[in-house]
2 protein chains.
Amino acid sequence: MKRGRKHILAALVALAFATVAMAQDPLPSWNDGPAKKAIVDFVARATKAGSPAFVPPEERIATFDNDGTLWAEQPIYFQLIFALDRVKALAPQHPEWKDKEPFASLLKGDVTGALAGGDRSILEIVMATHAGMTAAEFEKIVTDWIATAKHPKTGKLFTDMVYQPMLELLAYLRANGFKTFIVSGGGIEFMRPWTEKVYGIPPEQVVGSSIKTKYEFRDGKPVLVRLPEINFIDDKTGKPVGINSHVGRRPVAAFGNSDGDQQMLEWTQAGGRARLMMLVHHDDARREWAYGPESKIGTFSDSLMAQAKKNGWTIISMKNDWKRIFAFER
Amino acid sequence: MKRGRKHILAALVALAFATVAMAQDPLPSWNDGPAKKAIVDFVARATKAGSPAFVPPEERIATFDNDGTLWAEQPIYFQLIFALDRVKALAPQHPEWKDKEPFASLLKGDVTGALAGGDRSILEIVMATHAGMTAAEFEKIVTDWIATAKHPKTGKLFTDMVYQPMLELLAYLRANGFKTFIVSGGGIEFMRPWTEKVYGIPPEQVVGSSIKTKYEFRDGKPVLVRLPEINFIDDKTGKPVGINSHVGRRPVAAFGNSDGDQQMLEWTQAGGRARLMMLVHHDDARREWAYGPESKIGTFSDSLMAQAKKNGWTIISMKNDWKRIFAFER
């Protein structure tokens with residue numbers, strides 16, 4: 001076949017597939033209801049040239065919290081499970097941990113006791129497990145863990161605990177010219193090794209909390225050493241700061257699930273024009289978990305709910321809006 | 001005309017243009033020589049599927065210093081000219097500056113005297129002119145200034161002082177699937193308002209030095225207030241740190257022009273496989289400026305030159321490698 005004809009054929013085939021794809025429901029795991037309608041209506045308005053709500057392609061920025069928004073976060077944040085696993089793995093090199101809290105309780109299997117010290121205990125555990133190695137070494141540790149570690153309740157890989165409806169939403173937004181970012185309180189270097197494969201979000205579109213790193217030479221090669229010092233906390237008021245630092249534009253759509261996401265949604269909404277703000281509500285004890293104001297992980301306070309109603313933010317009810325939660329339920 | 005036919009026609013027209021573009025020299029402002037050859041050879045190897053030097057599209061990250069690499073930096077960094085202009089504009093609101101250095105000298109027109117205090121004077125001038133307003137207000141100030149301010153020697157807009165060969169290089173890399181980033185010691189929020197229009201580099205691909213910002217409410221609206229406190233210096237060892245923080249991948253190509261770029265090039269090269277490291281050398285006193293080890297702006301030390309030779313980094317001689325430096329020379 002001649003080269004020119006081949007190209008025309010390829011273009012026609014691509015066109016045919018695009019038409020079929022558009023005819024299919026891009027959000028098959030969403031029930032018809034207010035949440036799905038809010039998404040589809042927003043995308044239609046934002047992408048319609050000439051519409052007053054039209055958003056130029058380069059400004060189509062959508063930001064997603066991770067824990068509790070894109071993947072589960074119970075019984076504790078998965079990154080904390082990673083840290084606890086690391087404490088066990090590193091214990092032989094740290095005989096002093098046997099008599100030192102929070103490590104001592106942890107090594108006896110008493111997670112509640114280990115975390116009794118609150119943020120201070122968590123910080124100690126994080127620094128002991130996330131610092132002291134190079135960035136490349138840490139990336140390998142995370143990559144190995146995420147490929148094998150299992151969720152304590154479901155027995156599934158943690159990357160199987162992502163929400164199928166949100167994967168569809170990410171793909172649907174990208175198909176409509178949106179650039180999707182993660183903006184999470186979790187560690188930026190804990191997420192980057194797997195977000196591209198799991199969510200289709202490349203490392204340069206991941207914003208998160210971080211510790212400081214230092215450039216130096218080891219064995220004649222340049223490395224970035226991870227220091228036991230907080231650099232940035234990407235939570236609450238930190239989320240608009242992190243977005244401004246990494247993205248440099250205001251999102252037009254933002255998705256969260258807890259009090260930690262309040263400011264990201266406020267910041268998004270204050271940009272005016274067409275905006276979409278949504279909060280995943282964990283109200284399905286049968287298929288996932290049900291928790292809200294009382295929970296320490298993913299707190300969804302009554303005041304956040306009141307603010308959502310007042311500001312017109314859409315609540316996604318996992319129970320009512322999602323046909324399926326995880327890809328493994330079939 | 002039927003819809004289907006229209007699409008085929010559009011596809012054919014696009015194809016025809018693409019073929020013409022490929023046949024033309026993508027780097028017309030570059031003389032044939034070692035620098036142009038290094039670029040073209042690298043791109044050919046990195047994009048050839050099956051080649052041992054093949055770089056998957058998602059890993060095609062190219063980082064560019066800004067001052068002295070993408071645009072000029074003489075007689076002083078353009079951002080410093082912006083700061084000096086701001087001091088003059090703000091002087092009526094600061095009567096105390098009349099008797100306070102470095103402002104007093106500056107307001108008398110004595111720039112050399114004002115900068116005699118070195119980094120400390122510069123820091124005072126930067127903080128007085130870059131902090132204290134919201135991020136949106138600062139963006140507007142920069143946008144207004146860059147649209148009108150003129151270079152003291154050429155009388156051109158500063159955005160006309162960009163290097164035509166580098167614009168071609170940016171476009172050539174992007175046409176070959178590379179994502180182009182700026183990694184500059186300059187202020188991230190000073191660059192973002194104009195880099196998309198001038199270089200085709202969107203805000204989310206700009207890495208630079210920054211001051212801290214704080215999320216708060218003013219008149220019932222959320223704002224990010226710029227604080228007079230350094231957040232990050234994106235220079236020397238800071239460049240690999242900034243790249244790791246914002247990009248989360250190691251570049252495969254890096255371009256600089258001074259000692260401030262040494263570590264970025266080292267970090268890029270240490271990634272192994274196909275890598276391209278280049279340094280713009282300001283050796284054309286007739287068409288631009290000639291400066292090197294002795295210059296405070298854009299220092300290109302003898303040890304950097306020695307390291308470039310030892311490591312196989314390519315020197316771009318502005319005099320010999322560039323047919324044209326600025327678009328306005330015709």
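Not measured: the values here are computed from a predicted model. Chain letters run A, B, ... following the sequence lines, proteins first and then strands; every chain starts at 1.
Between chain B and the options A/Q263, A/R249, A/E266, the largest number of non-hydrogen pairs under 4.5 Å is found for A/R249. Heavy-atom pairs under 4.5 Å with chain A peak, among B/G208, B/A270, B/S245, at B/S245. Chain B forms the most heavy-atom pairs under 4.5 Å with one residue out of A/G248, A/P222, A/P203, and that residue is A/P203. The greatest number of non-hydrogen atom pairs below 4.5 Å with chain B, out of A/R250, A/Q205, A/K179, is found for A/K179.
For the residue pair A/T180/A/R174, the side-chain donor-acceptor check at 3.5 Å is satisfied. A donor atom on one side chain and an acceptor atom on the other are found under 3.5 Å apart for A/Y199 and A/N66. Side chains of B/T299 and B/D259: no donor on one and acceptor on the other come within 3.5 Å.
Looking at A/R218 and A/E216, a side-chain N of the basic residue comes within less than 4.0 Å of a carboxylate O on the acidic one, giving a salt bridge. Salt bridge absent: B/E137 and B/K140 never bring a charged side-chain N and a carboxylate O closer than 4.0 Å.
When heavy atoms are compared at a cutoff of 4.5 Å, B/E189 approaches chain A solely by way of its side chain, counted from C-beta outward. For A/V207, no part lies near chain B; criterion is any non-hydrogen pair under 4.5 Å. No part of A/S210 comes within reach of chain B, as not one of its non-hydrogen atoms sits under 4.5 angstrom from that chain. Only the side chain of A/E196 comes within contact range of chain B, with at least one heavy atom under 4.5 Å from a heavy atom of that chain.
For a heavy-atom cut-off of 4.5 Å, chain A lies close to B/T237, B/P240 in residues 228-240 of chain B.
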